[in-house]
Amino acid sequence: MNFGSLLTFHALATAVAVLLYVVTSHFLQQRRSPAAAIAWMLFILLLPYVALPSFLAFGTRKRGGPPVRRRAPSAQPGGDWALATIAALGQAAPCSYRHLAVHADGATSWAALLATIDGARQTLDVCTFIMAPDAAGNALLEALCAKARSGVRVRLLVDGLGRLMTGRPDLGRLAHAGGQWALFVPPLTSSRKGRSNLREHRKLVVADAATQDQRLWCGGRNLASQYFQDEGPGCWQDLTFDLRGDLAGQAAALFDADWRFAHGTTDTRGTDVPATAATAAPDGAHIVASGPDQADDTFYSLLVTAAYRAERRIALVTPYFLPDQALLMALGLAARRGVRVDLLLPARSNHRLSDLARGRALRTLAQAGAHVWVVPNMLHAKLVIVDDQLALAGSANLDNRSLFLNYELMVAFHD
């Protein structure tokens with residue numbers, strides 16, 4: 001093959017790569033920032049043989065087409081902006097809950113988790129990013145096996161990459177006991193091309209979702225010993241809670257959709273939740289799902305809106321703080337107009353690169369008048385409080401991976 005033929009082949013390969021990028025982005029409605037779009041185009045033009053496989057493996061940020069959207073109620077002057085915004089983002093209306101218990105420490109969370117599992121009589125659904133083969137993980141796996149042997153329908157969903165990160169727990173034990181387990185998009189064996197960079201980061205346990213005694217355990221804790229220890233080296237401080245009531249049913253519906261996706265079946269989320277006025281239960285709570293399965297960047301959009309609508313206070317707790325420029329500007333402007341903005345995070349997290357990269361954002365906030373607080377231990381909690389109108393707790397960190405790539409779950413409380 002002569003030099004001219006090589007140039008022709010290279011030009012053809014580049015053209016095909018560019019065309020595939022444009023067509024995929026258009027038909028799958030992949031919204032990207034201008035900087036990200038330019039970066040992908042330059043990568044493809046300069047190194048098409050490397051860029052095209054990389055794009056096919058990691059370039060898809062949203063699943064298929066957008067889900068069917070529910071019509072949001074019209075916002076009324078002086079109304080609750082949080083309820084209206086969450087409804088406009090396609091989330092279900094708030095519903096009732098009872099017996100909310102915020103766990104004071106790891107021991108309390110562990111006891112509540114075991115009680116939720118032990119109390120299941122019909123169904124038990126568990127979703128986590130990490131289930132480690134350590135003392136806590138093995139004890140929980142044995143508890144799930146015992147429930148499966150007793151006749152309870154047990155389903156365990158673990159992120160495919162999360163399982164590889166912790167030494168591959170023996171999930172086959174659950175199948176032998178009569179339960180079911182699945183890996184969410186295993187990075188090495190999944191047939192879902194373009195999804196390998198999109199991880200299941202939601203953490204929830206739902207018991208007896210179809211009964212009057214439905215229960216939910218939820219928050220930021222993975223199923224590993226370090227998340228439940230309160231003393232000693234390697235222990236992490238985190239935030240979880242449990243409750244009963246209809247809110248657990250919303251969490252169960254989200255789990256069902258993720259379970260179907262993990263098994264390659266059709267995802268019908270967004271088509272089976274009836275439209276409901278956002279003021280139907282103003283003192284209730286609702287699941288705010290964020291990730292590739294949502295048409296919008298739900299949690300991110302809610303944070304930006306909150307920063308502009310807050311009147312007195314914004315409190316943020318996160319292990320990693322790497323916001324994009326729009327969110328950082330919104331928080332800084334809130335501080336400049338007199339809103340008290342408090343950010344709490346660990347002095348040193350488990351991701352050293354994240355700690356090094358957060359410096360500019362922290363300086364920007366501090367210069368705007370925000371208050372940045374650090375704690376000496378590893379803080380893994382995720383919490384947002386806005387005035388007296390909204391509290392969000394769950395699995396999402398304040399970094400670009402959680403805000404734009406991961407499947408995340410936050411619970412919005414309005415009481």
Side-chain angles (χ1 to χ4, degrees), residues 32-40 42-43 50 54 57-59 61 129-130 132 159 161-162 164-166 187 196-199 201 203 220-222 224 226-227 229 232-239 290-291 297 299-300 303-304 307 314-336 341-384 392 394-408 410:
R32 295 183 177 86
S33 67
I38 291 172
W40 272 115
L42 288 176
F43 190 20
V50 178
S54 299
F58 306 113
R61 195 172 73 85
F129 178 64
I130 289 174
D159 183 74
L161 181 62
L164 294 177
M165 292 169 57
T166 56
S196 300
N197 198 35
L198 309 178
R199 309 316 317 166
H201 200 242
K203 291 100 172 172
R221 285 183 167 93
N222 287 298
Q226 65 206 63
Y227 295 90
Q229 297 171 347
C235 64
W236 292 20
Q237 206 168 1
D238 215 319
L239 175 64
S290 184
D297 297 314
F299 180 50
Y300 170 80
L303 284 176
V304 173
I314 301 173
L316 308 166
V317 184
T318 182
Y320 322 111
F321 186 68
L322 295 170
D324 76 338
Q325 189 59 38
L327 178 56
L328 183 61
M329 182 176 68
L331 292 172
L333 288 174
R336 291 184 187 278
V341 178
D342 288 292
L343 172 64
L344 180 66
L345 68 168
R348 183 170 183 174
S349 75
N350 62 314
H351 292 304
R352 188 58 179 154
L353 288 179
S354 174
D355 297 344
L356 293 173
R358 72 189 185 185
R360 183 189 65 84
L362 295 181
R363 288 192 296 272
T364 299
L365 270 191
Q367 291 167 1
H371 303 265
V372 179
W373 308 87
V374 296
V375 294
N377 51 303
M378 175 54 193
L379 179 65
H380 193 249
K382 306 95 164 49
L383 176 67
V384 178
L392 292 157
S395 67
N397 302 308
L398 297 184
D399 60 22
N400 284 341
R401 168 156 285 282
S402 276
L403 295 175
F404 300 115
L405 295 176
N406 287 346
Y407 293 77
E408 302 284 2
M410 299 296 281

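Every heavy atom of this structure was used, including side-chain atoms; hydrogens, water molecules and symmetry mates were not.
Under the ring-ring contact (aromatic ring centres under 6.0 Å, His included) criterion, His351 pairs with Tyr320, not counting sequence neighbours. Every residue two or more places apart in sequence or in another chain that forms a ring-ring contact (aromatic ring centres under 6.0 Å, His included) with Tyr227 is listed here: Trp236, His380.
Taking 4.5 Å as the limit, every side-chain heavy atom of Pro323 sits out of range of all side-chain heavy atoms of Leu398. Considering only heavy atoms from C-beta on, Asp324 comes within 4.5 Å of Asn400 through its side chain. Taking the side chain as every heavy atom from C-beta outward, Leu343 and Leu365 approach each other to under 4.5 Å. The side-chain heavy atoms of Leu345 and Trp373, taken from C-beta on, include no pair separated by under 4.5 Å. A heavy-atom distance below 4.5 Å is not found between the side chains of Val317 and Leu239.
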Note to self: Between Leu303 and Val384, is the side chain to side chain contact (heavy atoms under 4.5 Å, CB included) condition met? List the steps.
What the structure shows: CA-CA 9 Å; Leu303 284 176; Val384 178; 3.8 Å; yes
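More than 12 heavy atoms of other residues, nucleotides or ligands sit less than 6.0 Å from atom CG of Leu356.
With Asp355 contributing its side chain and Arg348 its backbone, the two residues share no donor-acceptor pair below 3.5 Å. Checked by atom type and distance alone, the side chain of Ser402 pairs as donor or acceptor with a backbone atom of Asn397 at under 3.5 Å.
Remark: Asn350 CG to Leu379 CG distance equals 11.0 Å, nearest 0.5 Å. Of the inter-residue distances, the one linking Ser290 atom OG with Asn406 atom CG reads 9.0 Å to the nearest 0.5 angstrom. Expressed to the nearest 0.5 Å, how far CG of Leu327 lies from CG of Asp399 amounts to 11.0 Å. The structure places CG of Leu383 at 8.0 Å from CG of Leu392, a figure rounded to the nearest 0.5 Å. In this structure, the separation between CE on Met329 and CG on Leu331 is 10.5 Å, given to the nearest 0.5 Å. Considering CZ of Arg360 and CG of Leu322, their distance stands at 9.5 Å, rounded to 0.5 Å.
Ring centroid separation for the pair Tyr407 and His201 does not come in under the 6.0 Å cut-off.
Of all heavy-atom pairs spanning Ala307 and Ile314, the tightest one is CA-CD1, 3.8 Å. Ser395 approaches Glu408 most closely through the heavy-atom pair OG-OE1, 2.6 Å. Summarising the geometry of Phe321 relative to Arg358, their closest heavy-atom pair is O-CB, 3.3 Å, with the distance given to 0.1 Å. Of all heavy-atom pairs spanning Leu362 and Val372, the tightest one is CD2-CG1, 4.1 Å. Across all their heavy atoms, Gly332 and Ala368 have their closest contact at O-CB, 3.5 Å. Across all non-hydrogen atoms, the minimal contact from Pro319 to Met378 is CB-CE, 3.8 Å.
Checked for salt-bridge contact, Asp159 and Arg199 meet the test: a charged N lies under 4.0 Å from a carboxylate O.
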